[in-house]
Novice: 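Questions regarding the structure given below will be posed in turn.
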Amino acid sequence: MVESIVSTGLAVGCIYALIAITYNVMFSASRVFSFTAGTLGMIGGVLGSLFIARMGMPVAAGFLLALAGGAVLGIVTEIVAVRPVLKSLDQHLYVLSTLALALMIQQFTAIEWSTEPQPFPRLFDIASGFDQKFWLPMLACAAVIVGLELLYRRTLVGHAFLAIAEDNFAARALGLPERSLRMASFALAGAIGALAGFAGGEMLLAFFANAPMLTFYGFVPVALGGMGNNRGAVVAGLLLGLFQQAANFLVGGIFASVAVFTVFIIVLLARPEGLAGATLQRRV
Amino acid sequence: MSTNLRVTRRQVLAGSAVSAAALASGFPAPAIANSDPIPVGYLPALTGPSSSTGVGINRGIQLAVQEINAAGGIGGRQLELITRDTQSDPTKAVNGAAELTHGQKVSVVFGPVNSGESLAVVPLLARANTPQIHPCWVDTLTDPKKYPMCFRNAPTNQQIGGAAHRYVVEVLKRKKVAVISDTTGYGTASVNAYVPMLKATGAEVVYQGNVDAANPDLKPELLRMQSAGAEAIMPWSVNAGFLSRIINTRGQMGWDVPIVGQTTLGSGQTKALLEKPEYWAKVYPNNFRPVCYAAGGKLSDRTSAFVDRLKSAKIDMGDTLLWWIALGYDSPRMIAEAMKNVGTEPEQIVGYLNKLKEFPGVYGDIAFTADKHDGYPDNEVVMVEANSLKDGAFNLAPGYGA
């Protein structure tokens, strides 16, 4: 039982963490919580299955094309659902615009792909005690954490991303191309979201209805870990996966979801800024 | 010599009385030669998420109408199938039904073919006094008192569950049963309806649960079933992903327990999601005896002849189920038989169907009475071997005999 809780819990937790990072990367560049994050995850699984299982492409090519597809959808999100509402952030219109785009993509996928879950191919023809459907999401999550750390700390573009996230007015005053950097951030977020769906494809299958599930459970680590805080999101995502799987074993059925959201509400009541979030200081 | 043509008041009254009596006694109206097509409404879901059933049924319907019309139609009049695709959407089904009854003035409607759409359409057609035949399983979709013109030429959910329970308890001799469903309306309603039915047959329900179909790991649920001593798993869901996860998990656990339940267990979509083909063994979904392979792999003579007709008409069976095509094929034939016997007026058709005795369908022999509009026989609902699917039909599950 413990083995199953740990392996499935960590794998699912890593998928949630990657979706949470997708939210955060888009949030950092725009101050917008784009509810297309889960849809990007779903698209990663569907495109992976389309390219590899249905079209017979090599795994590497299918993987790269799936990430590219996610990146394109990230850019579309920025252009269609985020840019038009940036001037009125205080009205929170982005909730409506990003949800609408997410629903459109989801319905389009249902019509053109399938309303039934489709198989996701086994990516590596290897037999090991620890199945690839568990370690692939963990590997993907570790790669993204390391990659983002390197990007933000060691590259000029990464510093520019951080500058935009810190204060986009000041960054623009310094001559940074804010719009291009924002689009690049959304492309990066799209690729990370697609990676979540691709790496978790063997577990979640290529299914259009994964989108709302990932949107929902991917947001929990964002709220628990602190808005825009990737480290907090990863820790909270892993805890969420482990807790959810433990609840599946201990109480089972629909009560597992109830347990998850009960804990979620209690944590937010105790620490509204999230487990790792800092309290916002208002300048006076 | 003049002739007296005067008509008295007494003669007029006597004549009127005779005419009224003739009308009241149902004296047939003089036959007027009519070669106009007979409009028959048809509400399949040919597109959208629940269209796989409608697509299969449609192949049978089209073949039957072609055959009826090629054989001269109904008294020289052709059947005209007026189709409105519901797109798997109850709202569009209601719009289609309204147009068929008020705009097209159809004599009878077949469909919708999905329960969700029928739940919306049945009351509407009842108000429009239009005879309706549908194949939907939800129990409440027929009621001779509320919907006196609505007939079902397929089993009810009670019959489907009953057949599965008989197989588990009487054939497999398993007394400890786990009943699981997803959290959809169909899933929860099925568990609530079937658990008391199972208990009434003498079985012990050792596990009962509703689980989110998106849950990627069902091992906790199956371990719970196993530790409770379950000897059979009965899943009720139309979600192929959910069902395949149950089958895969059973296989990974190496648990040799039969899975008995919903027809989707035997669908191609479920098969496509299995980690290993051998995991499909000992999985027994619902099906219907007349369209199953008996011992020796043979279909009944009636069904064999039907399959030959399908092959000669080049109708594909490999990507659908034979019972869907057979059900579609039987429906217009039953309507045509009613019209040949009593005409095309709604009351006449309903009167005929109310006394229908064992209409010889490929899908099954259908019979109705004025008090019972569920026409499918109990004993034709059976269980089959999921991994025996060939040309849209399955082998009967072990234990049914020849």
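None of these values were measured; they are calculated from a predicted model. Protein chains get the first letters and strands the later ones, always in sequence-line order, with residue 1 at the start of each.
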Novice: Could you state the interatomic distance from CE (A:Met213) to CG (B:Asn215), rounded to the nearest 0.5 Å?
Specialist: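 That separation rounds to 8.5 Å.
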
Novice: Around atom CZ of A:Phe243, are there more than 12 heavy atoms of other residues, nucleotides or ligands at under 6.0 Å?
Specialist: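 More than 12 within 6.0 Å, yes.
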
Novice: With rounding to the nearest 0.5 angstrom, report the CG to CZ distance, B:Leu273 to A:Phe120.
Specialist: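 So the CG of B:Leu273 and the CZ of A:Phe120 are separated by 13.0 Å.
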
Novice: Take atom CE in B:Met197; do more than 12 heavy atoms of anything else shown fall under 6.0 Å from it?
Specialist: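 Correct, the count exceeds 12.
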
Novice: Any non-hydrogen side-chain atom of B:Pro220 less than 4.5 Å from a side-chain atom of A:Gln245?
Specialist: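 Yes, at least one pair of side-chain atoms sits under 4.5 Å.
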
Novice: Taking atom NZ of B:Lys271 as the centre, report whether more than 12 heavy atoms of other residues, nucleotides or ligands fall under 6.0 Å from it.
Specialist: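 No.
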
Novice: Counting only heavy atoms not in A:Phe261, do more than 12 sit closer than 6.0 Å to its CZ atom?
Specialist: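 Check passes, neighbour count above 12.
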
Novice: B:Ala240 and A:Pro117: which non-hydrogen atoms are nearest, and at how many Å?
Specialist: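 So the two residues come closest at C-CG, 4.5 Å.
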
Novice: Rounded to the nearest 0.5 Å, what separates atom CZ in A:Phe249 from atom CZ in B:Arg224?
Specialist: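 Interatomic distance, A:Phe249 CZ to B:Arg224 CZ, rounded to 0.5 Å: 8.0 Å.
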
Novice: A:Glu3 and B:Lys219: salt bridge (Lys or Arg N to Asp or Glu O under 4.0 Å), yes or no, with the steps?
Specialist: CA-CA 12 Å; A:Glu3 182 198 339; B:Lys219 192 173 178 184; over 6 Å; no

Novice: CG/A:Asn248 to CD/B:Glu221 distance, rounded to the nearest 0.5 angstrom?
Specialist: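 It is 6.5 Å, given to the nearest 0.5 Å.
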
Novice: Can you establish whether the number of heavy atoms outside A:Leu96 located under 6.0 Å from its atom CG is more than 12?
Specialist: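 Atom CG in A:Leu96 is not crowded, with 12 or fewer foreign heavy atoms closer than 6.0 Å.
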
Novice: What are the two closest heavy atoms between B:Pro216 and A:Val12, and how far apart are they?
Specialist: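 Answer, listing the atom of B:Pro216 first, then A:Val12: CG-CG2, 4.0 Å.
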
Novice: Nearest 0.5 Å please: distance from the CG atom of B:Asp217 over to the CG atom of A:Leu204.
Specialist: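 Interatomic distance, B:Asp217 CG to A:Leu204 CG, rounded to 0.5 Å: 11.0 Å.
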
Novice: Non-hydrogen atoms of chain B under 4.5 Å away: do they reach the side chain of A:Met203, the backbone, both or neither?
Specialist: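 It is both, since atoms from each part get that close.
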
Novice: Heavy-atom pairs under 4.5 Å with chain B - which of A:Pro119, A:Ala256, A:Ser257 has more of them than the others?
Specialist: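 Counting heavy-atom pairs under 4.5 Å, the top option is A:Pro119.
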
Novice: Under 4.5 Å heavy-atom distance to chain B, tell me which part of A:Leu250 shows up: side chain, backbone, both or neither.
Specialist: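 The backbone, not the side chain.
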
Novice: Heavy-atom distances under 4.5 Å only: say whether B:Gln252 touches chain A with side chain, backbone, both or neither.
Specialist: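 The side chain, not the backbone.
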
